[in-house]
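In this chain, numbering begins with 1 at the start of the sequence shown. Fair warning: this is a prediction, and the values are worked out from it, not measured in the lab.
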Amino acid sequence: MGERSDHPQGPGAAEDSEAQEIEATVVLGIRITDWPALRAAARAIVEDLVFEGVDPEGQREALLREVSEDPNAALGALLHPDRLVSAIPGVEALGGTLEISLTEDFAPDFAELFPLDLDAEDGGGGVGDWTLTPRTACLLHTQLITLADAAYDDLEEHEGEPVTDDEEQDWAVFGRLPHRTWGMHRSWRRAMARTFDDLAEDLALGEWPLPRCLAEELALRLALVDARELLGAQPQAVADMMGELPVDLYDYDWDGCVDELFGVYGPDDGDPEMDAADRTDQLLAATHPEGWFLTYEDAEERDSARGYRR
């Protein structure tokens with residue numbers, strides 16, 4: 001005869017025992033690799049939610065806008081505690097909170113994204129055709145993200161206020177743009193802030209940041225200026241930033257960046273003797289700022305529903 005057990009067994013056990021209340025803490029490290037797919041999944045969840053109270057459809061539309069523009073909000077909709085627990089049989093959610101924060105120490109692996117050909121038979125070590133090296137890509141990516149942050153900060157502080165000559169220094173980014181943009185509206189400035197993120201995303205995917213419109217040419221120009229200045233003013237800080245990234249002959253070749261990254265896309269019916277910088281200046285002067293975001297005919301258009309970081 002076996003020993004008596006106080007622990008019920010079998011499928012009906014829960015009915016005969018006092019239910020346990022458990023607090024579970026889950027920490028996830030997540031990298032967004034396909035924002036359009038994440039956004040679509042979050043929108044589908046919001047479409048299925050039941051809203052109550054005042055103006056339920058208004059609530060739905062507001063949340064749809066939020067998850068369409070903010071990756072954190074999209075993750076929040078998909079990772080909501082009630083939704084996660086509902087997929088587990090035999091338990092019910094008693095409440096909970098979800099906290100999402102950006103991981104400060106995350107950075108793309110530029111050595112893997114922009115591999116150097118170190119095969120001695122091929123010349124290796126940067127000998128041969130020009131290339132965007134891991135260290136150049138890392139520093140350029142850092143400056144693009146920094147400019148995007150600063151541009152969004154400008155927006156939060158100044159909203160739609162015009163830039164003026166006596167307050168130009170109070171603007172981190174928009175005071176550096178051509179004077180004809182100083183009175184542009186908030187939506188224009190938000191689109192300009194996104195161009196820095198778009199080019200940074202190219203680098204994070206292992207692609208050269210080739211400007212696809214006039215606004216991106218201007219954004220990349222600012223990033224190259226800032227990268228050059230940071231390297232000259234704080235070489236040790238840049239060296240610390242690079243960590244174990246491999247060294248190459250073409251590291252920080254800013255003139256090479258100008259020659260190779262600009263002019264790949266865009267109209268080519270101008271003066272063949274005109275360099276990329278002069279061509280950009282001519283097009284910026286001839287085009288209204290509203291038209292600076294029009295994709296060049298020979299470039300792939302970016303996802304129009306990609307949203308904004310802020």
What residues form a side chain to side chain donor-acceptor pair (under 3.5 Å) with E244, not counting sequence neighbours? none
Compare all side-chain heavy atoms of W292 with those of T181 and state whether any distance is below 4.5 angstrom. yes
Under the ring-ring contact (aromatic ring centres under 6.0 Å, His included) definition, can you give me all pairs with a residue in residues 221-249, not counting sequence neighbours? none
Any side-chain heavy-atom pair of H141 and T146 under 4.5 Å: no
Indicate yes or no: does R221 engage D226 in a salt bridge with an N to O separation below 4.0 Å. no
Under the ring-ring contact (aromatic ring centres under 6.0 Å, His included) rule, what pairs show up with a residue in residues 198-248, not counting sequence neighbours? W130-W208
List for me each residue that meets side chain to side chain contact (heavy atoms under 4.5 Å, CB included) alongside D259, sequence neighbours excluded, and say none if there are none. none
Between E290 and H185, is any side-chain donor less than 3.5 angstrom from a side-chain acceptor? yes
Spacing of L140 atom CG and L220 atom CG [to the nearest 0.5 Å]: 6.0 Å
Please step through salt bridge (charged side-chain N to carboxylate O under 4.0 Å, His left out) for the pair D298 and R212, ending with a clear verdict. CA-CA 9 Å; D298 53 346; R212 307 184 193 186; over 6 Å; no
Would a line drawn from the ring center of H179 to the ring center of W182 be shorter than 6.0 Å? yes
Assess the side chains of E217 and Y296: does a donor N or O sit below 3.5 Å from an acceptor N or O? yes
Determine whether M242 and L139 make a side-chain contact, defined as any pair of heavy atoms from C-beta on separated by less than 4.5 Å. yes
Between F262 and R279, does a side-chain contact (heavy atoms from CB on, under 4.5 Å) hold up when you go through it step by step? CA-CA 10 Å; F262 291 95; R279 188 209 65 166; 5.8 Å; no
In terms of hydrophobic clusters joined by side-chain contacts under 4.5 Å, are I145 and L199 together? no
Non-hydrogen side-chain atoms of V225 and W254 separated by less than 4.5 Å: no
Does the plane of the ring in H158 sit parallel, tilted or perpendicular to the ring in W171? Use 30° and 60° as the thresholds. parallel
Under 6.0 Å from the six-membered ring centre of Y308 and within 45° of its axis: does the NZ or CZ of R194 meet both? yes
Cut-off 3.5 Å, side chains only: do D240 and Q236 have a donor facing an acceptor? yes
Dump the intermediate steps for side-chain contact (heavy atoms from CB on, under 4.5 Å) on L231 and R135, then the final yes or no. CA-CA 11 Å; L231 182 63; R135 288 181 173 238; over 6 Å; no
Taking the basic N atoms (NZ, or NE/NH1/NH2) and the acidic carboxylate oxygens, is any pair closer than 4.0 Å for D154 and R186? no
For A148, give me all partners under side chain to side chain contact (heavy atoms under 4.5 Å, CB included), at least two apart in sequence or on another chain. F196, D197, R309
Are E201 and R302 within salt-bridge range, i.e. N to O under 4.0 Å? no
Y265 and E216: CA distance, side-chain angles, deciding distance, side chain to side chain donor-acceptor pair (under 3.5 Å) verdict: CA-CA 11 Å; Y265 300 125; E216 290 187 12; over 6 Å; no
Under a 4.5 Å cut-off applied to non-hydrogen side-chain atoms, are L218 and P178 in contact? yes
Could I get the full list of ring pair (Phe, Tyr, Trp, His ring centres under 6.0 Å) partners for F174, not counting sequence neighbours? none
Is the NZ or CZ atom of R60 positioned over F51's six-membered ring, under 6.0 angstrom from the centre and within 45° of the axis? no
